[in-house]
Chemist: 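A single structure is presented below for examination.
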Amino acid sequence: MRLSRYFLPVLKETPAEAQIASHRLMLRAGMIRQASAGIYSWLPLGYQVLRNIERIVHEEQQRAGAIPILMPTIQSAELWRESGRYDAYGPEMLRIRDRHDRDMLFGPTNEEQVTEIFRASASSYRDVPKMLYHIQWKFRDEIRPRFGVMRGREFLMKDGYSFDLDRDAAEVSYNKMMVSYLRTFERLGLKAVPMQAESGPIGGDLAHEFLVLAETGESEVFLDRRIVEMTLGDSAIDYDDADQLAAIRRDWTTPYARTDDTHDQAAFEAEVAAPDRVTARGIEVGHIFYFGTKYAEPLGAMLTAPDGTRAAVHGGSYGIGVSRLVGALIEANHDDKGIIWPESVAPFAVGLVNLKQGDDACDGASADLETRLAAAGLSVLYDDRDERAGAKFATMELIGLPWRLTVGPRGLKAGTVELANRRSGISEELSVDAAVAKLSLIYAGV
RNA sequence: CGGGGUGUGGCGCAGCCUGGUAGCGCGUCGGUUUUGGGUACCGAAGGUCGUGGGUUCGAAUCCCGCCGCCCCGACCA
């Protein structure tokens with residue numbers, strides 16, 4: 001993509017309303033534009049990042065056996081009356097009325113809707129287990145939207161739902177989602193720690209929140225330093241192996257890690273040695289919980305067991321804040337110059353800076369490089385503006401592309417281009433072949 | 001919803017107290033400069049001063065209402 005043909009409205013000055021780094025940088029890098037309180041338009045650069053995150057979430061959901069669907073944003077009040085939540089939900093639910101005076105609502109979540117879909121066809125133990133999910137815009141009329149996309153009113157969420165015959169089976173589904181989440185966040189280049197959450201009306205310990213550690217997080221968290229160092233890495237995961245899944249969950253939920261909602265100072269001190277005790281702040285990016293028959297009972301989603309008895313299906317729901325992740329990623333990956341995207345979600349794989357736009361040799365070499373990068377499957381943003389070098393470098397740094405190639409007359413004389421890494425700041429002079437090969441190798445791994 | 005702020009060209013702000021008909025910086029556009037880390041110069045465009053009403057000869061400025069947005073608190077992906 002040539003910058004001159006792209007739509008990248010970067011801001012030199014920081015808009016006054018933005019308080020935290022991710023919000024400031026998203027506005028400055030031209031990723032979003034506010035439409036009204038807590039509601040944003042996604043501009044090309046931001047939309048690209050959002051789609052990259054979505055893609056990874058889709059891949060990891062399906063790897064774990066969840067099946068993609070797409071439910072509507074506007075729902076009928078009828079189902080919500082059946083579940084009893086139409087009155088229970090309160091003013092956070094945006095209620096609307098259609099031309100026939102029917103009560104509708106802009107969905108804040110989809111338990112009712114998905115349970116209705118499931119109950120319409122499933123009737124026996126042979127129909128489970130099933131996990132359905134979608135990535136769809138939600139609306140919650142938050143009391144106080146803030147921090148840009150971190151707490152918007154309209155936001156993109158992955159919400160998944162599991163259906164099982166009983167609690168034990170539901171627990172297997174729960175474990176699949178926990179492992180899937182660990183993989184998802186790791187691929188996104190984030191350290192997200194599963195923390196025991198309030199389990200709500202069902203009780204038990206089957207509720208976890210995933211929090212990204214960041215100074216601007218909204219929750220205070222208490223954790224064992226050792227869990228921060230854990231990774232799934234390349235370990236082969238067999239989602240059909242219930243024992244392996246249970247073991248992973250055990251490993252990841254044994255070290256102390258809780259938010260202020262569930263924190264128990266005495267237990268914290270008893271379980272974690274003083275030097276390993278970490279108190280920090282975190283951004284909630286995921287939430288998984290088992291809710292038993294809470295929706296199946298009122299909505300009549302019943303299954304016949306092998307012994308002929310009928311009972312309500314056991315469900316769980318699993319959320320990932322996709323649009324919030326964009327903000328969380330920036331909170332975790334930025335410096336005073338701008339964003340630093342992990343390769344897996346970067347809007348472009350590499351930025352190309354032509355130091356002497358208008359010079360035949362430089363223009364030709366840049367165009368050639370652009371073609372070769374594209375042929376290697378690497379997305380490139382070529383800054384072909386007639387601008388001073390400093391301005392071009394600053395733009396690349398602001399928008400956070402992980403790699404930058406620089407073409408200039410000095411390098412060309414020596415037959416090289418400069419390849420620089422945004423995170424480390426380290427750069428090296430390479431031949432065009434070597435540079436393309438190196439980038440291909442790096443991106444083959446993400 | 002309670003508390004605190006704010007609304008003036010695309011962005012950041014001054015002007016408001018002490019009414020006289022709008023200004024600065026950045027950006028944008030047209031030139032010149034051909035640049036190795038936000039270059040310099042010349043020129044230009046762009047504003048219902050959030051909105052409705054009131055006071056006044058005259059309102060961005062004073063008064064009243066409404067709306068938007070931001071921050072702190074209770075809620076959540």
Chemist: How would you label the contact of A/Ala394 with the nucleic acid (heavy atoms, under 4.0 Å): base, sugar-phosphate, or nothing?
Modeler: base
Chemist: Check each of A/Gln136, A/Lys138, A/Gln113 against A/Asp159 using the side chain to side chain donor-acceptor pair (under 3.5 Å) test, and report the only one that passes.
Modeler: A/Lys138
Chemist: For A/Glu142, which contact category applies under a 4.0 Å heavy-atom criterion: base, sugar-phosphate, or nothing?
Modeler: base
Chemist: Any base atoms under 4.0 Å from A/Gly152, or only sugar-phosphate, or nothing? Heavy atoms, all strands.
Modeler: base
Chemist: Give the nucleotide from the list B/C69, B/G38, B/C72 with an atom nearest to the side chain of A/Ser36.
Modeler: B/C69
Chemist: Less than 6.0 angstrom from the centroid, inside 45 degrees of the normal: does A/Arg95 satisfy that with respect to the ring of A/Tyr86?
Modeler: yes
Chemist: Expressed in angstrom and rounded to an integer, what is the separation of A/Ile143 atom CD1 from B/G2 atom P?
Modeler: 13 Å
Chemist: Distance check: side-chain N/O of A/Arg151 vs OP1/OP2 of B/C71, anything under 4.0 Å?
Modeler: no
Chemist: On RNA chain B, does the nearest nucleotide to A/Ser323 precede the nearest nucleotide to A/Leu412 from the 5' side, or the other way round? Give the residue.
Modeler: A/Leu412
Chemist: Taking only residues two or more places apart in sequence or in another chain, which ones pass ring pair (Phe, Tyr, Trp, His ring centres under 6.0 Å) with A/Tyr89?
Modeler: A/Trp80
Chemist: When we call it a touch if two heavy atoms are under 4.0 Å apart, what does A/Asp159 touch: a base, just sugar-phosphate, or nothing?
Modeler: nothing
Chemist: Could you tell me whether A/Thr406 contacts a base, only the sugar-phosphate backbone, or nothing, with contacts defined as non-hydrogen atoms closer than 4.0 Å?
Modeler: nothing
Chemist: What is the separation between atom CE on A/Met157 and atom C1' on B/A77, rounded to the nearest whole Å?
Modeler: 6 Å
Chemist: Rounding to an integer number of angstrom, what distance separates B/C26 and B/A14 when you compare their C1' atoms?
Modeler: 15 Å
Chemist: Using a strict threshold of under 4.0 Å (side-chain N to carboxylate O), is an ion pair present between A/Arg281 and A/Glu331?
Modeler: no
Chemist: Is A/Gln34 near enough to B/G68 that one of its side-chain N or O atoms lies under 4.0 angstrom from OP1 or OP2?
Modeler: no
Chemist: Within the structure shown, what part of the strands sits under 4.0 Å from A/Glu387 by heavy-atom distance: base, sugar-phosphate, or nothing?
Modeler: nothing
Chemist: Heavy atoms only, 4.0 Å cut-off, all strands: where does A/Leu11 land among base, sugar-phosphate and nothing?
Modeler: nothing
Chemist: Return yes if a side-chain donor-acceptor contact under 3.5 Å exists between A/Tyr318 and A/Lys176, otherwise no.
Modeler: no
Chemist: Rounded to whole Å, how long is the line connecting atom CZ of A/Phe147 with atom C1' of B/C71?
Modeler: 9 Å
Chemist: Report the distance from atom CD of A/Glu284 to atom P of B/C76, rounded to the nearest whole Å.
Modeler: 9 Å
Chemist: Without swapping roles, check the side chain of A/Arg140 against the backbone of A/Glu92 for a donor-acceptor pair under 3.5 Å.
Modeler: no
Chemist: Using both distances under 3.5 Å as the test, list the Watson-Crick or G-U wobble partner of B/U32, or none.
Modeler: B/A40
Chemist: Think A/Lys12 has a side-chain N or O under 4.0 angstrom from the OP1 or OP2 of B/G27?
Modeler: yes
Chemist: Identify the nucleotide, in any strand shown, that forms a Watson-Crick or G-U wobble pair with B/G2, with both distances under 3.5 Å; if there is none, say none.
Modeler: B/C72
Chemist: Can you check whether A/Phe155 stacks with the B/A77 base, using ring centres under 5.5 Å and planes within 30°?
Modeler: yes
Chemist: Just checking A/Lys356: base, sugar-phosphate only, or nothing, at a heavy-atom cut-off of under 4.0 Å?
Modeler: sugar-phosphate
Chemist: Between B/G50 and B/U61, how far is it from one P atom to the other, in whole Å?
Modeler: 8 Å
Chemist: Over how many whole Å does the gap from A/Asp260 atom CG to B/C76 atom P extend?
Modeler: 12 Å
Chemist: Does B/G23 have a Watson-Crick or wobble partner in any strand here, with both distances under 3.5 angstrom, and which is it?
Modeler: B/C13
Chemist: Distance check needed: B/C11 C1' versus A/His23 NE2, whole Å only.
Modeler: 14 Å
Chemist: Considering only heavy atoms and no angle criterion, is a donor-acceptor pair shorter than 3.5 Å present between the side chain of A/Glu13 and the base of B/G25?
Modeler: yes
Chemist: Remember a base hit wins even if backbone is also touched, and classify A/Glu418 as base, sugar-phosphate or nothing at under 4.0 Å, heavy atoms.
Modeler: nothing
Chemist: Look at A/Arg144 and B/C71 and indicate whether a side-chain polar atom (N or O) is within less than 4.0 Å of OP1 or OP2.
Modeler: yes
Chemist: Could you give the CD-to-P distance, from A/Glu429 to B/G36, as a whole number of Å?
Modeler: 16 Å
Chemist: Which is true for A/Arg404 with a 4.0 Å heavy-atom rule: it touches a base, it touches only sugar-phosphate, or it touches nothing?
Modeler: base
Chemist: Minimum heavy-atom separation for A/Ala332 and A/Leu190, please, with both atom names.
Modeler: CB-CD2, 4.0 Å
Chemist: Side-chain N or O of A/Arg388 less than 4.0 angstrom from OP1 or OP2 on B/G37?
Modeler: yes
Chemist: Assess whether a salt bridge exists between A/Glu59 and A/Arg55, defined as any Lys/Arg side-chain N lying under 4.0 Å from an Asp/Glu carboxylate O.
Modeler: yes
Chemist: Hey, does A/Pro409 reach any base, or is it just sugar-phosphate, or nothing, if we go heavy atoms under 4.0 Å?
Modeler: base
Chemist: Please report, rounded to the nearest Å, how far the P atom of B/A77 is from the CG atom of A/Leu188.
Modeler: 19 Å
Chemist: If you find the nucleotide of RNA chain B closest to A/Phe210 and the one closest to A/Gly411, which residue's nucleotide is nearer the 5' end?
Modeler: A/Gly411
Chemist: Could you give the distance separating B/A77 and B/U6 at their C1' atoms, to the nearest angstrom?
Modeler: 30 Å
Chemist: So A/Gly408, base contact, sugar-phosphate only, or nothing? Heavy-atom distance under 4.0 Å.
Modeler: base
